[in-house]
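Since the structure comes first, as structure tokens, the remarks are kept for the end.
Just so it is clear: chains get the letters A, B, ... in the order the sequence lines come, proteins before strands, and each one is counted from 1.
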Number of protein chains: 2
Amino acid sequence: MTGLRERKKQRTRDALVRVAHELFVTHGYEETTVDEITEAVDVSQRTFFRYFAGKEAVAFAVQDEVESRFYDAVVARPPGESPARALRNALNSTWASMGEAIQDVVPIGLHMRMWQVIETTPALVAVHMRRSTEMEDQLAAVLAVREGLDPHTDLRPRVLVATFSGVMRTAGRQWGSGEDLTLEGARQVMDHCLDLMGPVLSDDWSSCAGE
Amino acid sequence: MTGLRERKKQRTRDALVRVAHELFVTHGYEETTVDEITEAVDVSQRTFFRYFAGKEAVAFAVQDEVESRFYDAVVARPPGESPARALRNALNSTWASMGEAIQDVVPIGLHMRMWQVIETTPALVAVHMRRSTEMEDQLAAVLAVREGLDPHTDLRPRVLVATFSGVMRTAGRQWGSGEDLTLEGARQVMDHCLDLMGPVLSDDWSSCAGE
DNA sequence: AGGTTAGTGTCAGCTTCTGTCAATTGACAA
DNA sequence: TTGTCAATTGACAGAAGCTGACACTAACCT
């Protein structure tokens, strides 16, 4: 909370995120131009690109916050847990503060609808996936350090993280396509999918319920 | 193999793919403009966009072929196998014909280097991921039919496919960053990663070797 | 108060991609 | 062979995303 300059900067940034989200949600991502966003906020187009690396970046401003919290939670897990447990526990502890973290940037309802926009817009799906892989790299590195492994030769951390990440994305899509667009609903779907992860790989496919 | 018209069309398409791959590999993807490709093939820029939906599409022309073969192999698996086995067996049977399938479009060495370009170019990584999810959807649908499940309520097919897909992408990246850039090398890395998939989820992390 | 600097606007330009229309060329029947 | 039709292409114009350069304003510091 320093000078006026930084506060102003924060305000224009917030305004850009807010307005962009509203336009994306109401008109669609592809249909919204950067010029429309900047006109609504009354800044130049050039300024927009000084705040965000691209039109896509502003769509993931909230996601950035959430993911960084999850990452921190993983780092904070005690070393006694198995890697798989550490990931799940970190996820659980993240759910608690997630609501407020989102609300700090945009209303939660808006973020929910933005999530659906992301999941249904091919260009944004692509970016979402790329971001996931980047997060996977970081998580795999953390797990490798936890277990004292060489990340270049031992692929176990990466494989574990990749499966987790894949399941979480599946859960995210399932949730976005459903009715219950609450955080609690998302949590339930995700837990359910993670419970399925182990049994589903076995040959006795039916050892777990599908629904 | 019908009229002259179709042959001509195929030739320009092949030329575009070939030239694009060579330029991407030598100069990099971002550094290569569509104009450079079309000038080398001597067609108008407009023609390029009639053959490919975008600059990215031409980079995945070969991948398209390979993935569709894998899909067909999954569909062709006998119903007796568990879903997880069906995926692995389909993968095994795909490796055989993969080499020729690639060679039909571009030299294999070129495709290998193109793979590395894809893995190291953020924009292409993003597209690659999006394509993976689309393939996942199709595979999940196939598995759901195989097992007679309702794909909307039973998430097991999707979860299984998501884990598989994640592991295969991990393997692909590991292979691309290594030394042995042969198809056989890729196959080995992928098999290894898939073997890790089950044990890695358990709490006795060390029940499998890392290397 | 005055110099410094971060932040912004303006402008000019590049690249990807699309719509449109006229011209060309292969296909096919008379 | 010739004429007609449809498919393919090229040329042009233009929108949208994005970047570099430069000047200007306003906050900051002494």
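- Between Q45(A) atom CD and dG9(C) atom C1' there is a gap of 12 Å when expressed in whole angstrom units.
- Nucleotide dT5(C) holds its C1' atom 13 Å from the CD atom of E6(A), rounded to whole Å.
- Of all non-hydrogen atoms in F48(A) and V58(A), the two that sit nearest each other are CZ-CG1, 4.0 Å.
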**OP:** Evaluate the criterion side-chain hydrogen bond (donor to acceptor under 3.5 Å, both in side chains) for residue pair E136(A) and S165(A); output intermediate values, then yes/no.
**Re:** CA-CA 7 Å; E136(A) 285 174 33; S165(A) 180; 2.7 Å; yes

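- Heavy atoms only, all atoms of each residue included: T94(A) and A73(A) are closest at OG1-CB, 3.6 Å.
- If you take CD of E31(B) and C1' of dT15(C), they are 13 Å apart, rounded to a whole angstrom.
- Between S44(A) and dT10(C), a side-chain N or O to OP1/OP2 separation shorter than 4.0 Å is absent.
- The residue among K8(A) and V34(B) whose nearest nucleotide of DNA chain C lies closer to the 5′ end is K8(A).
- Residue H27(B) contributes atom NE2, which lies 15 Å from atom P of dT15(C) at whole-angstrom precision.
- Heavy atoms of Y51(B) sit under 4.0 angstrom from primed sugar atoms or phosphate atoms, though from no base atom.
- The listed nucleotides are dT20(C), dT18(C), dG9(C); the one nearest the side chain of R50(B) is dT20(C).
- The two residues R146(A) and R77(A) come nearest to each other via the heavy atoms NH1-O, 3.2 Å.
- The number of heavy atoms from other shown groups lying within 6.0 Å of CG (D42(A)) does not exceed 12.
- Mapping E56(B) and R5(B) onto DNA chain C by nearest heavy atom places E56(B) at the nucleotide closer to the 5' end.
- Of all the heavy atoms in A162(A) and T170(B), the pair that sits closest is CB-OG1, 3.1 Å.
- Contacts between chain B and DNA chain D, taken as any atom within less than 4.0 angstrom of a protein heavy atom, begin and end at dA6(D) to dA11(D).
- Taking atom CZ of residue R7(A) and atom P of nucleotide dA6(C), one finds them 19 Å apart after rounding to whole Å.
- T38(B) comes within contact range of no nucleotide atom at all, as no heavy-atom separation falls under 4.0 Å.
- F48(B) places its CZ atom 8 Å from the P atom of dC17(C), with the value rounded to the nearest Å.
- For DNA chain C, no neighbouring residue in residues 13-22 of chain A is found when judged by any heavy atom under 4.0 Å.
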What side-chain donor-acceptor pairs closer than 3.5 Å can you find for residues 98-113 of chain A, not counting sequence neighbours?
none

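- If you measure from atom CZ of R46(A) to atom C1' of dA6(C), you get 15 Å, rounded to the nearest angstrom.
- Aromatic ring orientation, W175(B) versus W115(B): tilted (interplanar angle from 30° to 60°).
- If you take CZ of F49(A) and C1' of dG7(C), they are 17 Å apart, rounded to a whole angstrom.
- Taking both residues in full, the closest heavy atoms of S68(B) and M135(B) are given as N-CE, 4.5 Å, listed atom of the first, atom of the second, then distance.
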